[in-house]
There are 2 protein chains.
Amino acid sequence: MDMQRKDIHSSEIPVVCRACEARHGGVCGALSPEQLVELSKHSTRKRLVAGTEVVGQGEDMGAFANIMRGVVKLTRMMPDGRQQIVGLQFAPDFLGRPFAEESPHSAETATDAEICTFPRQMLERLVGRTPDLEHKLYQQSLKELDEARDWMLTLGRKNAQEKVASFLFLIATHYDPETVDGSVFDLPLSRADIADFLGLTIETVSRQFTRLRKDGVIQIENNRHVIVPDIERLQHSAGID
Amino acid sequence: MDMQRKDIHSSEIPVVCRACEARHGGVCGALSPEQLVELSKHSTRKRLVAGTEVVGQGEDMGAFANIMRGVVKLTRMMPDGRQQIVGLQFAPDFLGRPFAEESPHSAETATDAEICTFPRQMLERLVGRTPDLEHKLYQQSLKELDEARDWMLTLGRKNAQEKVASFLFLIATHYDPETVDGSVFDLPLSRADIADFLGLTIETVSRQFTRLRKDGVIQIENNRHVIVPDIERLQHSAGID
DNA sequence: TCCGCGAATTGATTTCGATCAAATCGGCGC
DNA sequence: GCGCCGATTTGATCGAAATCAATTCGCGGA
């Protein structure tokens with residue numbers, strides 16, 4: 001694994017952050033109109049191509065962001081290059097680690113994405129004055145903690161097939177939480193990213209995709225487009241129930 | 001792995017919770033004297049032997065607690081009995097998952113322990129009225145999230161030796177955060193628990209202990225008492241730097 | 001002090017996923 | 001449509017950890 005660190009190809013388009021409130025959850029929902037106007041003055045909308053690093057591990061966090069569109073992966077890396085994705089964040093999640101000087105992991109776009117950034121100090125000041133905002137952020141961190149711990153079971157105790165099925169199940173339910181029967185979606189991650197999320201190699205991920213395909217649990221078109229005819233069968237392959 | 005679920009051997013000794021405030025962090029630090037008195041009326045001090053289940057996975061959470069003494073392990077289990085420890089909590093941590101009906105994992109004492117419990121509704125009411133309290137809980141959840149994600153790297157990408165060394169390093173730094181040179185401590189977990197924390201088998205954990213001992217990285221007395229002459233060597237065995 | 005029993009260690013063998021290596025796919029520019 | 005190149009799949013082999021199987025250790029009770 002190499003340490004490629006692509007430049008940030010972004011065009012900065014300042015936007016009134018009120019737009020976030022209208023169309024996304026994010027942090028904005030908890031703010032008063034006055035606070036939104038204030039936040040808007042310092043916020044910047046950015047369009048990022050897949051593979052852009054938003055913050056590096058251990059770097060100073062200058063900014064926080066709302067994810068408006070796309071998927072961001074949070075990764076931790078060992079000194080020798082081994083890498084683990086420790087979280088996936090989807091719109092309209094909040095991106096950032098309040099009350100820490102340094103980011104505990106790097107954040108990189110997995111797909112093309114749009115984010116709305118604002119200075120760290122700005123948010124931390126708002127948090128101090130706005131219990132509703134802190135409550136909202138607390139709720140998200142509890143949700144992320146539940147997800148992280150769920151994933152620890154997957155990483156520590158599931159075999160390759162169960163890991164890959166668990167990943168597909170995660171994505172399927174995320175994009176289509178209602179679906180009890182079939183589900184259709186595009187994978188937001190490359191095989192390499194999936195491997196880094198599951199603690200496997202690319203080859204093993206590929207073999208398990210092939211296996212699930214041959215077993216009729218999934219169909220795949222063009223490497224990214226997945227059809228799950230029966231969610232419960234996938235769930236069963238994932239070792240859940 | 002079997003699903004043993006020991007009875008709760010506890011003697012309930014109602015205590016004024018103000019005691020927590022004096023001697024522990026916990027949640028009490030953020031409360032006003034009046035709130036403490038209120039909380040005290042509904043709080044109960046419990047003494048628990050090692051292996052006591054505090055809450056079961058998926059169970060209704062009737063209560064929250066401060067850990068006064070000892071170590072509590074949070075575990076998630078698969079239907080077939082495979083088990084993963086998803087978090088270790090030490091005094092004076094807060095124990096519980098606010099704003100959820102069901103516990104996302106079971107909590108069990110790893111050592112003899114003392115906890116101070118209070119009704120869930122009581123805490124959630126206090127949280128709504130006390131921004132300082134919510135801030136404190138938010139901080140703890142952020143810390144736990146960082147720890148969980150650190151551990152995901154360990155589970156997903158480290159080999160057996162690095163995992164065991166990482167665990168020893170975690171315990172060593174927890175019990176003695178200052179120590180740059182040597183460290184001496186008693187393991188709060190059995191080999192079986194360590195295996196469940198690291199996603200390994202008991203046998204593999206044992207072999208790695210033996211290896212680290214033969215390599216002179218650690219010394220062990222009576223299976224539980226560990227001496228680390230050189231923390232940096234241990235850290236190196238853990239794959240950190 | 002000796003016994004009993006669960007916890008931990010050690011040994012032999014198997015297995016699953018990693019590694020090394022090659023072929024094939026698929027999107028994109030020309 | 002063709003060729004290129006990175007992404008993905010497939011194949012062969014290796015190796016680390018799991019599994020199966022005995023011992024050995026160590027603590028508590030007789």
Side-chain angles (χ1 to χ4, degrees), chain A residues 1-2 4 6 49-51 80-84 110-112 154-167 186-214 218-226 237 239, chain B residues 1-2 4 6 49-51 78 80-84 110-112 154-168 186-214 218-226 237 239:
Chain A
M1 293 161 207
D2 58 357
Q4 85 254 10
K6 294 175 190 166
V49 300
D80 65 3
R82 279 177 284 176
Q83 183 167 290
Q84 176 69 41
T111 63
D112 291 351
T154 300
L155 289 172
R157 290 303 186 193
K158 291 187 184 176
N159 63 30
Q161 154 149 1
E162 291 168 334
K163 284 182 176 182
V164 170
S166 296
F167 170 73
D186 285 313
L187 289 173
L189 266 57
S190 68
R191 298 294 186 272
D193 282 342
I194 296 170
D196 280 344
F197 191 37
L198 294 170
L200 298 172
T201 58
I202 301 178
E203 294 93 328
T204 298
V205 170
S206 178
R207 279 184 242 275
Q208 297 308 324
F209 267 96
T210 303
R211 185 131 100 90
L212 290 170
R213 196 156 34 73
K214 284 187 178 157
I218 56 170
Q219 294 158 245
I220 307 180
E221 286 167 17
N222 298 343
N223 285 335
R224 287 280 183 141
H225 191 72
V226 178
S237 303
Chain B
M1 294 162 205
D2 57 359
Q4 86 253 10
K6 295 176 188 164
V49 300
M78 291 174 66
D80 65 2
R82 278 177 284 176
Q83 182 168 291
Q84 175 70 42
T111 64
D112 291 350
T154 300
L155 290 173
R157 290 303 186 193
K158 291 187 184 174
N159 63 30
Q161 154 150 0
E162 291 168 335
K163 284 182 176 182
V164 170
S166 296
F167 169 73
L168 291 169
D186 285 313
L187 290 174
L189 266 56
S190 68
R191 298 292 186 274
D193 282 342
I194 296 170
D196 279 345
F197 192 38
L198 294 171
L200 298 172
T201 59
I202 301 178
E203 294 94 325
T204 299
V205 170
S206 179
R207 279 184 243 275
Q208 296 308 325
F209 268 96
T210 303
R211 183 132 99 91
L212 290 169
R213 194 156 36 72
K214 284 187 177 153
I218 56 170
Q219 294 158 246
I220 307 182
E221 287 166 16
N222 299 341
N223 286 336
R224 288 280 183 139
H225 191 72
V226 178
S237 303

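Chain letters run A, B, ... following the sequence lines, proteins first, then strands; residues in each count from 1. Computed from a predicted structure; not experimentally measured. When reading the values below, keep in mind they use all heavy atoms of this one structure, side chains included, and skip hydrogens, waters and symmetry mates.
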Whole-Å distance, A/R224 CZ to D/dT8 C1', equals 11 Å

For A/N223, the side-chain contact (heavy atoms from CB on, under 4.5 Å) test, sequence neighbours excluded, returns A/R191

Give every donor-acceptor pair under 3.5 Å between a side-chain atom in residues 197-208 of chain A and any protein atom, sequence neighbours left out.
residue	atom	partner	partner atom	Å
A/T201	OG1	A/T204	N	3.3
A/T201	OG1	A/T204	OG1	3.1

When rounded to whole Å, the NE2 to C1' distance for the pair B/H225 and D/dC25 reads 18 Å

Separation of D/dA7 atom P from A/N222 atom CG, nearest Å, is 17 Å

Closest non-hydrogen contact found for B/K158 with A/R82 is CA-NH1, 3.9 Å

Between NZ of B/K163 and P of D/dA17 the distance, given in whole Å, is 8 Å

Outermost contacting nts on DNA chain C, any atom under 4.0 Å from chain A heavy atoms, listed 5' then 3', are C/dG17 to C/dG27

Closest non-hydrogen atoms of A/H225 and A/D186, given as atom of the first, atom of the second and distance, are ND1-OD1, 2.9 Å

Please list each protein N or O that sits under 3.5 Å from an N or O in nucleotides 20-24 of chain D, with the distance.
residue	atom	partner	partner atom	Å
D/dC20	N4	B/E203	OE2	3.1

The side-chain hydrogen bond (donor to acceptor under 3.5 Å, both in side chains) partners of A/D112 (sequence neighbours excluded) come to none

Taken to the nearest whole Å, CG/A/N223 to C1'/D/dT10 is 14 Å

Sorted by chain and number, sequence neighbours left out, side-chain hydrogen bond (donor to acceptor under 3.5 Å, both in side chains) with B/R213 holds for none

To the nearest angstrom, the CD1-P distance between A/I194 and D/dT8 comes to 8 Å

Residues A/P188 and A/T111: closest non-hydrogen pair is O-CG2, 3.3 Å

Original post:
Do the side chains of A/I194 and A/F209 get nearer than 4.5 Å, heavy atoms only?
Top reply: yes

Any donor-acceptor pair under 3.5 Å linking the side chain of A/Q84 with the backbone of A/D196?
yes

Atom CD of A/E221 and atom C1' of D/dT8 are separated, to the nearest Å, by 17 Å

By side-chain contact (heavy atoms from CB on, under 4.5 Å), A/S190 pairs with (sequence neighbours left out) A/A192, A/D193, A/R224

Terminal axes of the helix from C/dT1-D/dA30 to C/dC30-D/dG1 (5 end pairs apiece), angle rounded to 10 degrees, sit apart by 40°

**Residue-phosphate contact under 4.0 Å: B/T204 side-chain N/O, D/dA18 OP1/OP2** = yes

Separation of D/dT9 atom P from A/Q208 atom CD, nearest Å, is 12 Å

Item checked: A/R211 side chain to A/Q161 side chain, donor-acceptor N/O pair below 3.5 angstrom -> yes

